[in-house]
Structure formats: C-alpha cells, structure tokens
Amino acid sequence: MTSTLTPQPVERAKPARTGAVARRRTRVLALPEARWAAAATVLFLLALPLQLTGAPAWTWGPLYALSYVTGGWEPGWEGLKALKDRTLDVDLLMVVAALGAAVIGQVMDGALLIVIFATSGALEALATARTADSVRGLLDLAPATATRLGPDGGEQAVAVEDLTVGDLVLVRPGERVGADGRVLDGASEVDQATITGEPLPVPKERGDEVFAGTLNGTGALRVRVERDASDSVIARIVRMVQEASETKAPTQLFIEKVEQRYSLGMVAATLAVFLVPLAFGAQLTDALLRAMTFMIVASPCAVVLATMPPLLSAIANAGRHGVLVKSAVVMERLGQVDAVALDKTGTLTEGSPRVTDVRPLPGSGLDEGELLTLAAAAERPSEHPLARAVVDAARERGLALPEAQDFTSAPGVGVTAVVGGRTVSVGAPARLLDARDGTATEPDAAVGTAVKPEEFGRTAAELEESGRTAVLVVVDGTPAGLLGIADRLRPDAAATVASLARLTGSAPVLLTGDNPRAAAHLAVEARIDDVRAGLLPQDKLDAVRELESAGRKVLVVGDGVNDAPALAAAHTGIAMGRAGSDLALETADAVVVRDELAAVPATVALSRRARRLVVQNLVIAGVFIAGLVVWDLAGDLPLPLGVAGHEGSTVLVGLNGLRLLREGAWQRAAAGESS
C-alpha cells in the first residue's frame, strides 16, 4: 500500500547558487578565431570586386594586406611557436606560401588561401566551445536544491552539493530527483530516459533505486541518498564525455598525416633551389625567381583543394538532405567505419509509446472500439505518457470520447473514472488487481460474465512476452480487456540495419538501457542478432571500447544523454536530431536533423565516395606538381606558365570534387552505391 506523505513546514535555506547565471551556448563572435576569420573574409570580399573591375591597386591592395594580417597572424604565430618545439606544421607553410604568392604578384590567390585556413580554424574552435557548453549544461539536469528531511520530520531546502550519504530527501510530484539513492517510502513513476533511455516512466516503490536528474511523476517519494553529488550517475556521464573527448585519437585529414615530411621537404627544396645556383655563380635575381617559382608550383594549394572540395561537397549534399556533418574531418572518418552500434529508443524506434494491441476479454461484452473508448475517456485527464498513447489511439480511430467524471489517479497503480455511468479503471494489471485485493466477483450485467484472473493472465503474459507493456482495463469491477503499448519501430529501421551491415561488412550491435525482453523483441523486428540490454551509460561506453580494442572503427548512432559518452568515445558518432538531447547533439560528430534513419547509411556511402575522389584528386595534384617541379629544375619554367599550371591543377581538382554536389550523388548513396 502507498504511504501517505504528509507535507511538513518547510524551513527555507538561502539559495545555494546565489548570483549564478544561466548557462548559455557560446556565441560565434565570442570566439577570437571567429572574429579574425570574419574580418579576413569581409576584407577579401571587399578587395576582390575592386581588383576584378580594374580599380587602381591602391584601392584593393591595402584591403588584401589587411586580410593577410587578420586571417594569417594567428596560424602564423602558432606555427612559429611550433618551430620552438622543432615541428613545422601546414598552417605556417600555408602562410609562407600565401606570402610567396603575394611577392610574385598573386595577391588574390594568397589571400584566398589565408581566408580558407582562418575559416577552418574558426569552425573547429566553435565546435569545441559548443561541446564544452553542452557538457557543462548537462549538470543543470540535476536540480540546484533538494528538500532534506530532518529526524523530526521537518523539511529544509539545501543545495544538492551539501547532501551527504544517508540523508533523507523528499521528492514531490513533478520534481527532479536531487541525488542518487534508494526509495524508503512512497510510490510513483519516474521518467529516467536521460539515464537509461527507457521510453516509458518506470514504477518506483520501496527498495527501488533512483538517479539524480530523473523526473518524478505523480507520487511523492522519500529517498535515502546513497552517493555524493560528485559521484552521481549524471556527474559520471559528464566526466566520461570529457575523458572520452580528450583521449579520442586526434582527427586529421589525409594530407595532414604527411604534413611534417612535406613541409620540411618543401622548405629544404626551396632553399636548395635558391642557394645551389647562387653558389655556382647564378645571378641573385634569377636564383630568387627560380626559387619562388619552385615554391609556388610545389606549394600544397592544389593538394589542399584536392582534399577539401570533395569533402565539403559531400557535407553540403548531406546538409540538403537533413544531415549536419560538423567538419570535413568527420566526413572523411565516416567512410572509415567498419562497425555500427545503435541505440534503441528514439533511434531505431520513434521514441514515444503507441497502442499496438486492443484485446477485449471473452465474456466482457465489449468490442475493440468500445474497450478503447472507455479506456481513453478514463485516461484523458491524465498526463501520464501511457495515458496520452491510449487517447491518441482512440482519436486515430475516430472514436468519440465521452466526458469522464470523478477522476482519480493512484501513483504506480493507475487511474479510475466514471464514464457513461460505468466505473472504469486503467493501469498495470498486477498493481490494479492488488489495489482491489485481486478479486472481481460481482460483474455488471451490461459488461458480461466475470472473467477469471487466469483468463486475462495468459493474454497479459502474451503481450509482455512480445515486448509490449500490458495495461488492464477494469469496468465496474470486472477485468474487461487489455491494451498492449510499445515504442514503435521506425518504418525504415530494418532496411537501415541491412544497409549498414552491407556497407561495413558486419551486422550492427544494439546497445540499450531498456529491459532485455523489449530489446530482444525489437531486435527481431529490426533483424539484429547482437543485443545488449539494460545498459547504463558506462556500459555503453565499455561496449564501444570493447569493439574498438578489437581493431574496429565504430560508428555510434544515438539520441540521449545516456548515449553521449559512447558518442564521444566512438570513431564517429551520429545523433538523431528531432528528440535528441542537447548533450548528444553537441557531442556527436553529425546530426540527422530530419530524424530519417535511412540517412545514416546514405551519409556513410557518400563519405566513401568523397574519400575516393580525394584519392583521385591527390593523384591529379601530384602529377601536376611533379611535372611542374621537374620542368622548373631541369629546364626553364616561365613564372606565368608555372602559375598557370599550378592554378590549372587547382581548378581541375576543385571541379572534380564538386561532382558530389549533384543530386545524383546522394541518390546513388541512398541506393547503397558507395562507389
């Protein structure tokens, strides 16, 4: 029986977080990298039309110079600091190449290179800042204060940080649980989707565990604190996301993996081209011109553009179809995955309960429509997710719902109301019968013959074995029927699973915090064999690390706070956008904005095509660079021809990469063609 929790006078404490300001997402222009990149871009866009329209050089020259300074000083400074550590990065090389282009008159080309690199750095800084914002914001899921109960039953509002193990706290209806603990008294249903991902609130009574940040339902609970705030599940999720993000292998584009060798080789070769002829008596001007020509034709501009246009085109194409890929690095990494781990609720399923079965019991005298009408009318005043599912099912069938009177709700049991002169109770079978002492011996003549418990027990067991939540409908004291409620599988889930298996060469794994029975039933529908259920966030993280320790490059697809550590630790993470938590959306490398699960394998296939185009472009750029370099060293390559050849190769690889902007590229990817 549910205990009655009598409210006690509350002794209010001072607010624990006086003066604290609400956390906000970092604004773009709050980042210095973004401000410098924006300034460089604006200056470049002001100078370009002046130059192209034949305006005097004094009108556009200073603008280009300022663009060089605003966009290039930071990567240049970082490159100089890297030199102190005896490393030479591509950023410094790009600044030098841009300055070299300006020296020989290619001012616009150099400025464009500066703008590209400054913008790339700003986007990376923004992504890092937004992820940090979201991780900090996760702590706001837990309330700032909790109601602590004293030995005499008095109440005191205290900061959750001041709660200690053994404290007794009161969680009222609609409040968030302030600390991890165990229920000592009371009954309610708690929405703990943020922790376990379960789609429905979980009944809680004496002896059950509750987690900080989860949302209490209509009952009141007395909870004994079992963990300090710093060791709560929510706090551990924050730490896991931060640690996974910090220890994740550095992400690099293909060209960046060889930047040291290329950079050092190019600098050494340029100096040699300048000094060797000079040592053998060549004129200073001739030696300098040859060296500058060499630096231009050997500069990695074409190589950079060989890499970026295919990846950026793939990002743009995916964006048009509802997939936000956060960077070129992510687009490249998506094509490398060879294992997939999928969340259940909100990812493979729609994330909201639906009525799947309406089962009038023999002898009840009701058909499906009548049973659903009575249940929905009784549930309509309730705010419980199961109640909304029942009412929605009745409305979808076009049923007219009569007004309910004398509505009452018993936390953890169900609801009761008078509908059309009949007393209708709807709730969990075992608890609803327990509340009635388990018997129903006097049926109403309008309902029919009494139904014995074993008769509906078989139906309830059948529903629960198939992964449904069984809801009993009792009319005038007699069990009249059962409703089956479940989180519905997305229509494209099975096809998506098959596509991912074909692309990666291995079947996806299901990782869920839901109960094993519901997970197993859904896995059969989705055609997944490897099912791991009842997982907390740490367990999902461990599962991903286990796969990666076997040499797999894992793609994790999820939507909840409980998926965030796995999303951060995986080779690549994709979040479902419509119902995704802020933390999941910021932690993930890509977001399916339109919530279309089929877009996941299409994006992976598009990434693989982009990677192949990158390789093609690198071959083209390499052939041009090698040819021009040999011509410059072995012959007498005119500077204008060298620039033309260099720019021509840049244009060629750029156009080749832009092929992925076409609609046909996405259609082929969606059809499963990754080649």
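Residues D563 and K540 are paired through a salt bridge, judged by an N-O separation under 4.0 Å between the basic side chain and the carboxylate. R388 has no carboxylate O lying under 4.0 Å from a charged side-chain N of E379, or vice versa, which leaves the two without a salt bridge. No salt bridge links R488 with E525; every basic N to acidic carboxylate O contact stays at or beyond 4.0 Å. Ion pairing of R354 with D392 is absent here, as no side-chain N (NZ or NE/NH1/NH2) approaches a carboxylate O to less than 4.0 Å. R224 has no carboxylate O lying under 4.0 Å from a charged side-chain N of D167, or vice versa, which leaves the two without a salt bridge. One finds no salt bridge joining E462 and R458 here, because no Lys/Arg side-chain nitrogen approaches an Asp/Glu carboxylate oxygen to under 4.0 Å.
Using modelled atom types, no side-chain atom of E209 and backbone atom of G181 make a donor-acceptor pair closer than 3.5 Å. R333 places no side-chain N or O within 3.5 Å of a backbone atom of T572 that could act as its donor or acceptor partner. Looking only at distances, a side-chain donor or acceptor of K326 sits under 3.5 Å from a matching main-chain atom of A588. Under the 3.5 Å distance criterion, the side-chain polar atoms of R148 are left unmatched by any main-chain donor or acceptor of V158. With hydrogens and angles disregarded, no donor-acceptor distance shorter than 3.5 Å links the side chain of D191 to the backbone of P201.
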Step-by-step side-chain contact (heavy atoms from CB on, under 4.5 Å) determination, V160 to T145: CA-CA 5 Å; V160 293; T145 61; 5.6 Å; no
Evaluation steps, side-chain contact (heavy atoms from CB on, under 4.5 Å), between V509 and V340: CA-CA 6 Å; V509 179; V340 180; over 6 Å; no
From CA spacing to verdict: side-chain contact (heavy atoms from CB on, under 4.5 Å), L348, L489: CA-CA 6 Å; L348 284 176; L489 189 73; 4.3 Å; yes
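Looking at T459 and R359, their side chains never bring a donor and an acceptor atom within 3.5 Å of each other.
Nearest approach of L401 to R380, heavy atoms of both residues: O-NH2, 3.4 Å.
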